Amino acid sequence: MQANQPFKLAVLVSGNGSNLQAIIDYVEAGEIHASIACVISNIPDAYALTRAAKHGIPAIIHEGCRFTNRREYDRSLVEILKSHEVELVVLAGFMRILTEVMIDAFQQRIINIHPALLPAFPGLNAQQQALDYGVRFSGCTVHFVDHGTDTGPIILQAVVPVMQDDTVDQLSQRILKEEHKLFPQAIKLLVDHKISLHGRRVLLEH
Ligand code: GAR
């Protein structure tokens with residue numbers, strides 16, 4: 001990265017893109033010294049693509065069905081990201097598991113947000129898992145992506161209470177509200193080089 005040039009991010013999405021919107025808002029407000037080089041979705045009609053287009057950000061559809069396997073998909077994804085000179089890959093509700101092709105190409109430069117307090121409730125339907133288990137608190141986690149599913153070093157977490165009569169939707173909304181603050185905060189720390197990794201432990205410089 002060149003000195004004083006804004007850090008180049010790619011945001012990968014599959015759905016509504018409310019986290020993408022939060023990141024766009026922080027970047028546009030000058031709170032994060034970065035530019036969003038592209039938004040990539042594996043789902044053609046994801047609303048996140050519309051959000052990107054509204055803000056003049058290149059919105060790219062990259063569908064899984066065009067590839068014979070996940071590694072081929074990732075090879076092509078790496079090419080797209082490199083062609084946009086992306087420095088940090090942000091998974092914001094991107095519902096695909098990445099292979100070693102992507103992980104090795106962007107080592108410690110891929111981060112994900114997960115709607116639970118990892119290592120509890122990894123994988124799909126984290127909010128439903130939390131309700132079924134009966135926990136009193138859940139929340140969200142921003143972590144580096146490694147070769148496992150939701151197993152990478154934890155950067156930040158936020159906690160929310162679980163109410164007795166919560167539906168999945170109510171709990172998801174409560175968690176999302178925290179996600180929209182936590183994810184930009186983690187990106188800002190990375191962009192400002194205020195994060196260092198020591199084994200599994202992530203040290204923050206405030
Ligand atoms: C968010 O809750 C995010 O944590 C979750 O998908 C939602 C995307 O919402 N991600 C995962 O479950 C990844 N395993 P958004 O499209 O409105 O940002």
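Computed over heavy atoms, backbone and side chain alike; hydrogens, waters and symmetry mates excluded. Predicted, not measured: the structure shown is a model, and the values here were computed from it. Read the numbers this way: they start at 1 and go in the same order the structure lists the ligands and their atoms.
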In this structure, does ligand 1 have an atom that sits under 4.0 Å from one of the heavy atoms of Met95?
yes
From Ile97, Asn125, Val11, Asn19 - option closest to atom 18 (O) of ligand 1 by heavy atom:
Asn19
Does Gly152 offer a backbone N or O that forms a donor-acceptor pair with the side chain of Arg200 under 3.5 Å?
yes
Is Arg96 positioned over the aromatic face of Tyr73, cation under 6.0 angstrom from the ring centre and no more than 45 degrees off axis?
yes
With distance as the sole test, does Arg51 use its side chain to make a donor-acceptor pair with the main-chain N or O of Gly17 at under 3.5 Å?
yes
Considering only non-hydrogen protein atoms, determine which one is nearest to atom 1 (C) of ligand 1 and report residue, atom name and distance to 0.1 Å.
Glu179 OE1, 3.2 Å
Testing the basics here: between Ser14 and Asn42, what is the closest heavy-atom pair and its distance to 0.1 Å?
OG-OD1, 2.7 Å
Report the nearest protein non-hydrogen atom to atom 14 (N) of ligand 1: residue, atom name, distance rounded to 0.1 Å.
His114 ND1, 3.7 Å
Flag Phe94 as yes when one of its N or O atoms lies below 3.5 Å from any N or O atom of ligand 1, and as no otherwise.
no
Same cluster for Ile40 and Ile23 if Ile/Leu/Val/Met/Phe/Trp/Tyr side chains link at under 4.5 Å?
no
Hey, does Gly17 sit under 4.0 Å from ligand 1 if you only count heavy atoms?
yes
Check for me whether Lys181 meets the cation-pi criterion with Tyr26, that is, NZ or CZ under 6.0 Å from the six-membered ring centre and within 45 degrees of the ring axis.
no
Heavy atom of the protein closest to atom 12 (O) of ligand 1 (residue, atom name, distance):
Pro115 CD, 3.4 Å
Numbering as shown, the atoms of ligand 1 that approach Ser18 to under 4.0 Å (heavy-atom distance):
15 (P), 16 (O), 17 (O), 18 (O)
Between Glu87 and Lys8, is there a salt bridge with N-O shorter than 4.0 Å?
no
For atom 10 (N) of ligand 1, what is the nearest protein heavy atom, given as residue, atom name and distance?
Ile113 O, 3.7 Å
Within the 4.0 Å heavy-atom shell around Gly93, which atoms of ligand 1 are there?
6 (O), 8 (C), 10 (N)
Examine ligand 1 and decide if any of its atoms is less than 4.0 Å from a heavy atom belonging to Leu176.
yes
Output yes when Arg75 and Glu72 qualify as a salt bridge under the 4.0 Å nitrogen-oxygen rule, no when they do not.
yes
